[in-house]
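No hydrogens, no waters, no symmetry mates; every other heavy atom, side chains included, goes into these values. Letters go in sequence order (proteins before strands), and every chain restarts at 1.
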Protein chains: 2
Amino acid sequence: MTIHHQPGKERIDAVRGFNRFYTRQIGLLDEGLLKSVFSLTEARVLYELAHRDGLTATDLARDLGLDPGYLSRLLKKFEERGLVERVATQADARRSSITLTPAGRAAFAPLNQGSHDQVAALLDRLSAPEQDRLVRAMQTVQRLLGESAEPKVPYMLRPLQVGDIGWIIHRQGLLYAQEYGWDETYEALVAEILGAFVKSYDPKWERSWIAEREGEVVGSVFLVRQSDAVAKLRLLYVEPSARGLGIGRRLVEECIGFARTKGYKTVTLWTNDVLTSARRIYEAAGFKLANQEHHHAFGKDLVGQNWNLEL
Amino acid sequence: MTIHHQPGKERIDAVRGFNRFYTRQIGLLDEGLLKSVFSLTEARVLYELAHRDGLTATDLARDLGLDPGYLSRLLKKFEERGLVERVATQADARRSSITLTPAGRAAFAPLNQGSHDQVAALLDRLSAPEQDRLVRAMQTVQRLLGESAEPKVPYMLRPLQVGDIGWIIHRQGLLYAQEYGWDETYEALVAEILGAFVKSYDPKWERSWIAEREGEVVGSVFLVRQSDAVAKLRLLYVEPSARGLGIGRRLVEECIGFARTKGYKTVTLWTNDVLTSARRIYEAAGFKLANQEHHHAFGKDLVGQNWNLEL
DNA sequence: TCATTTATTTGACTTAGTCAAGTATCTGTT
DNA sequence: AACAGATACTTGACTAAGTCAAATAAATGA
């Protein structure tokens, strides 16, 4: 079930403001290209034809939001000028597959270059990190508003990098504050744990896994050595936006696998009973509840639990 | 001096891809509003008139990128329909200031509502955090591409909130890795310091200041109690994008002011000689170099320095 | 004062896009 | 096999939307 949230007025106004802004922005960019023989819509059609194969008129009309009649005439004109070729598909004689001729490609090239140069000039006004932020922000917008085609790789695991622990502290602090009302002392605890982890990190006995999805950190877990026989799993966390992909289970499995190969006898972990989805993962992995006790922390009354897995 | 960076091809392609995507997106949104009596351009003009005062035809043509002739006719039509009033400005009889009449406002209201509802429906498909991310990403794009009108308030100081310390750890870790090649142990050190700060925070004797600019954290500093007489300034930091606004100096001044009112005799701090811009701030504030020593940390050979300010 | 610039208007266009009614072909059902 | 829909385009008949150049009127600067 998807929960729908009443969007606030400020958000709506912000999006509308952006729409007005970008309408103008696109208008400005298009002006520069208006010098050419092609109209804007013609240029859009040529772009699609240059970049995708086996397109039919219907595909173009749908993807570019064009009137079929208008498009039909437009393609006819292109064909007369020798810019495109239409070949009826063998599967369906009503449709024809449209391709650019070499002459069509030649006509598109300066157009394409013009658009490229224009965007290059736009970007050139920004510093490299600003360009990066711009591109990332655009991709975020596109991902959220777009058809959100599932990424080919749902997620990948990688080792810790500079910036990760701060990010994880930030996200966990915010997340548990939002979801459970925990105060800033939880974020501070995470900071202390991770600071100490990196400082005393022993690659032979300890490890961390960061789950990344489309370049964003969406989960993590840390395994630290408590004694020769006991490894402790710490700070398992998965972004709400990336839940349901099995990332949590996978992270726990990686920990257990690592602990096995290193010869640990037990994996232990401490958690709180309110974290139900985490508990389900631990149970599924074979952990047993060893003991629990009431305690007051992070501004709440909580039940702390120790779980163990004998290997 | 601004350094220009040759934008990479992937970045240019990403921006062009976004432009195509958003061209379509705007087209989709506009389709829904096409039912009304007003054309898209008319609606844009009405929007501007409804939201800004004292506009002239030239202003409108410039801001919306319209042909003056076309706009002139459009406004004439509006005037005939009793939607707008034009009053020649007393300063310049060629210009006239255009305002919506009550009838004009009434005509605009359903249009406005339609656009509002459409965006609301678009947002409604997203969860609340996703909506937030969308809005933030749009604001980033707008800020980077826009005329970047200076924000009214260049920055503001506020106390620590949940999520801040993780963010600061994240940014400092990345920043010093990029600028000075420091390794992950610096980030870990920041994490330990801030974790301990929050954990043992004594509001009577200690304080933190977060500098925020347009909703983004762009700087911070922490003042901790070392003894009855000595306060220690820690982790002064300003985002590169927000430098030159005097944020660093302001943060240090706040620390000194706080230390004075609390009756501390000395403010001390530890830094490294490579952090030259920070050092300049300390010198300007009256700090004197007490001693320095070579040390190896964060993967580098460094010169650590202690600075003191007698109050 | 007079040449130039700026703000707006008007006339004469073109183009881009819409809408509805075709034709040809395919698909599923009986 | 036959036929009632769908689909994939095409064509005819429009009109709104936008452009360009020239004109007018007021301001500005030398």
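- Annotation: side chain of B:R44 is in contact with side chain of A:R24 (closest heavy-atom distance under 4.5 Å).
- Following rounding to the nearest Å, B:E42 (CD) and D:dG18 (C1') show an atom-to-atom distance of 12 Å.
- No more than 12 heavy atoms of other residues, nucleotides or ligands sit less than 6.0 Å from atom CD of B:Q90.
- Atom pair A:R95:CZ and D:dA8:P shows a separation of 6 Å (rounding to whole Å applied).
- Using a cut-off of 4.0 Å between Lys/Arg side-chain N and Asp/Glu carboxylate O, B:R158 and B:E254 are scored as not salt-bridged.
- The CG-P distance, from A:L64 to C:dT18, rounds to 13 Å in whole Å.
- Between D:dG18 and B:T41, a contact under 4.0 Å exists linking OP1 or OP2 to a side-chain N or O.
- Remark: side-chain polar atoms of A:T56 are not paired, donor with acceptor, to backbone N or O of A:S96 under 3.5 angstrom.
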Please tabulate the protein-to-nucleotide N/O contacts below 3.5 Å involving nucleotides 1-6 of chain C, giving atom names and distances.
{"unit_1": "C:dT6", "atom_1": "O2", "unit_2": "B:R94", "atom_2": "NH1", "d": "2.2"}

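- Contact check of residues 71-93 of chain A against DNA chain C (heavy atom, cut-off under 4.0 Å) returns A:R73, A:D92, A:A93.
- One N or O on the side chain of A:Q131 and one on the backbone of A:L126 form a donor-acceptor pair closer than 3.5 Å.
- Listed nucleotides D:dC9, D:dA17, C:dT9 differ in distance to B:P68; the shortest reach to its side chain belongs to C:dT9.
- For DNA chain D, the neighbouring residues in residues 45-63 of chain A, judged by any heavy atom under 4.0 Å, are A:T56, A:A57, A:T58.
- Within 6.0 Å of the CZ atom in A:R249, the count of heavy atoms belonging to other residues, nucleotides or ligands does not exceed 12.
- For residues 50-72 of chain B, the pairs satisfying ring-ring contact (aromatic ring centres under 6.0 Å, His included) are B:Y47-B:H51, with sequence neighbours left out.
- Rounded to whole angstrom, the span from the CZ atom of B:F38 across to the P atom of D:dA16 amounts to 15 Å.
- When atom types are taken as modelled, the side chain of A:S72 and the backbone of A:P68 share no donor-acceptor pair closer than 3.5 angstrom.
- Salt bridge present: B:E216 and A:R133 bring a charged side-chain N and a carboxylate O closer than 4.0 Å.
- In this structure, CZ of A:R44 is placed 9 Å from P of C:dG17, rounded to the nearest angstrom.
- Checked against C:dT18, C:dG17, D:dT19, the side chain of B:D67 finds its nearest nucleotide in D:dT19.
- Not counting sequence neighbours, the partners of B:R95 by the salt bridge (charged side-chain N to carboxylate O under 4.0 Å, His left out) test are B:D92.
- Listed by chain and residue number, B:R52 satisfy the salt bridge (charged side-chain N to carboxylate O under 4.0 Å, His left out) test with B:D63 (two or more places apart in sequence, or in another chain).
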